[in-house]
Q: 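Got a structure here, written out as structure tokens. Questions coming.
Count residues from 1 along the sequence.
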Amino acid sequence: MEDGFEINIANFKKDIKNQKEELNMQFPNRPNDYVDNLRAKIIITDDKDLRRIYTYSEKVIFLTSKEYQEYQKLNPFNMYIKSYSKLFKCDDFEDLYVLKFDGVAFGNTYLIKKSERGYVVTIIDNWIS
């Protein structure tokens, strides 16, 4: 599984905490600046359940598709958009899904398989411009 990784659902919260602690140990003297307080990710979704998720200390702004259309009118030059496709179920396989990610300069296609402990995620295609 060299091109993939497994997400263990039982340990997910602990793993996120450990990653943050490791980053703080690697970069202990990095001061927080004013811009750090302004950074946020924007997720566009009309799914009411997704809008209620806990974002593990990340600043996330959830917008509906209608709210995002209004946002685009105010910010027409915001080209740094990352997009994720819907999670597509593979027709002939049980518990197997495809997810596409596209950024400004690169993108990946992920194959996601449900496992006993969580999910195994493998990159099956990518592009770079």
Side-chain angles (χ1 to χ4, degrees):
M1 189 172 52
E2 56 193 64
D3 290 342
F5 57 92
E6 184 166 16
I7 300 170
N8 186 329
I9 298 299
N11 297 333
F12 185 72
K13 210 171 194 179
K14 185 177 102 183
D15 289 344
I16 294 291
K17 182 182 175 195
N18 289 344
Q19 287 177 14
K20 288 184 182 207
E21 288 173 357
E22 285 177 27
L23 282 173
N24 287 336
M25 287 186 340
Q26 289 176 9
F27 306 101
N29 298 326
R30 182 182 175 276
N32 286 340
D33 59 14
Y34 180 70
V35 175
D36 286 336
N37 296 324
L38 300 176
R39 287 193 178 103
K41 294 180 175 146
I42 297 174
I43 296 178
I44 297 95
T45 181
D46 292 320
D47 185 329
K48 292 179 183 177
D49 292 327
L50 184 62
R51 295 176 72 149
R52 297 187 306 192
I53 64 171
Y54 179 66
T55 57
Y56 299 100
S57 304
E58 293 282 335
K59 291 182 182 179
V60 177
I61 300 169
F62 289 95
L63 298 175
T64 64
S65 52
K66 185 176 179 180
E67 290 169 331
Y68 182 65
Q69 287 174 350
E70 293 300 315
Y71 170 80
Q72 283 182 309
K73 289 177 188 175
L74 297 173
N75 300 286
F77 300 107
N78 187 356
M79 295 182 56
Y80 302 105
I81 301 296
K82 299 173 188 169
S83 66
Y84 293 87
S85 70
K86 293 181 178 180
L87 199 59
F88 295 103
K89 182 159 180 30
C90 295
D91 293 337
D92 298 332
F93 300 96
E94 188 176 331
D95 296 328
L96 193 63
Y97 305 89
V98 174
L99 175 72
K100 288 189 61 111
F101 162 78
D102 290 306
V104 175
F106 70 95
N108 293 318
T109 302
Y110 300 94
L111 187 65
I112 303 168
K113 172 123 177 83
K114 187 157 178 44
S115 68
E116 288 181 15
R117 297 185 309 179
Y119 296 90
V120 176
V121 180
T122 308
I123 297 173
I124 58 171
D125 190 28
N126 58 20
W127 64 268
I128 298 173
S129 63

Q: Between Val98 and Ile112, does the side-chain contact (heavy atoms from CB on, under 4.5 Å) criterion hold? Intermediate values first, please.
A: CA-CA 6 Å; Val98 174; Ile112 303 168; over 6 Å; no

Q: Group every Ile, Leu, Val, Met, Phe, Trp and Tyr by side-chain heavy-atom contacts under 4.5 Å, then state whether Phe93 and Ile124 land in the same group.
A: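 Result: yes, single cluster for both.
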
Q: Do the side chain of Thr45 and the main chain of Asp47 share a donor and acceptor less than 3.5 angstrom apart?
A: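 Answer holds: yes.
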
Q: State which residues pass side-chain contact (heavy atoms from CB on, under 4.5 Å) with Glu21; sequence neighbours excluded, sorted by chain then number.
A: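 For Glu21, the residues satisfying side-chain contact (heavy atoms from CB on, under 4.5 Å) (neighbours in sequence not counted) are Lys17, Asn18.
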
Q: By side-chain contact (heavy atoms from CB on, under 4.5 Å), which residues pair with Thr64, not counting sequence neighbours?
A: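 For Thr64, the residues satisfying side-chain contact (heavy atoms from CB on, under 4.5 Å) (neighbours in sequence not counted) are Asp46, Arg51, Lys66, Glu67.
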
Q: With a 4.5 Å cut-off on side-chain heavy-atom distances among I, L, V, M, F, W and Y, is there a chain of contacts connecting Ile7 to Ile123?
A: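 Yes, Ile7 connects to Ile123 through the hydrophobic network.
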
Q: How many angstroms lie between atom OG of Ser115 and atom CG of Asn8, to the nearest 0.5 angstrom?
A: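 The distance works out to 7.5 Å.
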
Q: Which pairs count as ring-ring contact (aromatic ring centres under 6.0 Å, His included) when at least one residue sits in residues 109-129, sequence neighbours excluded?
A: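 Every candidate ring-ring contact (aromatic ring centres under 6.0 Å, His included) pair involving residues 109-129 fails, so no pair, neighbours aside, qualifies.
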
Q: Keeping to residues at least two apart or across chains, list the salt bridge (Lys or Arg N to Asp or Glu O under 4.0 Å) pairs with something in residues 96-123.
A: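 Matches after skipping sequence neighbours: Glu6-Arg117.
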
Q: Going by the rule ring pair (Phe, Tyr, Trp, His ring centres under 6.0 Å), which residues pair with Phe101 if we only count those two or more places apart in sequence or in a different chain?
A: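 In terms of ring pair (Phe, Tyr, Trp, His ring centres under 6.0 Å), with neighbours along the sequence ignored, Phe101 is linked to Tyr84, Phe106.
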
Q: List in chain and number order the residues that pass side chain to side chain donor-acceptor pair (under 3.5 Å) with Gln69, two or more places apart in sequence or in another chain; answer none if no residue qualifies.
A: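 In terms of side chain to side chain donor-acceptor pair (under 3.5 Å), with neighbours along the sequence ignored, Gln69 is linked to no residue.
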
Q: Kindly work out whether a path of hydrophobic side-chain contacts (I/L/V/M/F/W/Y, heavy atoms less than 4.5 Å apart) joins Leu99 to Val121.
A: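 Yes, it is one cluster - the side chains of Leu99 and Val121 are joined through contacts under 4.5 Å.
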
Q: Got a sec, which residues hit salt bridge (Lys or Arg N to Asp or Glu O under 4.0 Å) with Lys86, two or more places apart in sequence or on another chain?
A: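 Lys86 satisfies salt bridge (Lys or Arg N to Asp or Glu O under 4.0 Å) with no residue once adjacent residues are dropped.
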
Q: Which residues pass the side-chain contact (heavy atoms from CB on, under 4.5 Å) test with Ile61, not counting sequence neighbours?
A: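 Partners of Ile61 under the side-chain contact (heavy atoms from CB on, under 4.5 Å) test: Ala40, Ile42, Leu63.
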
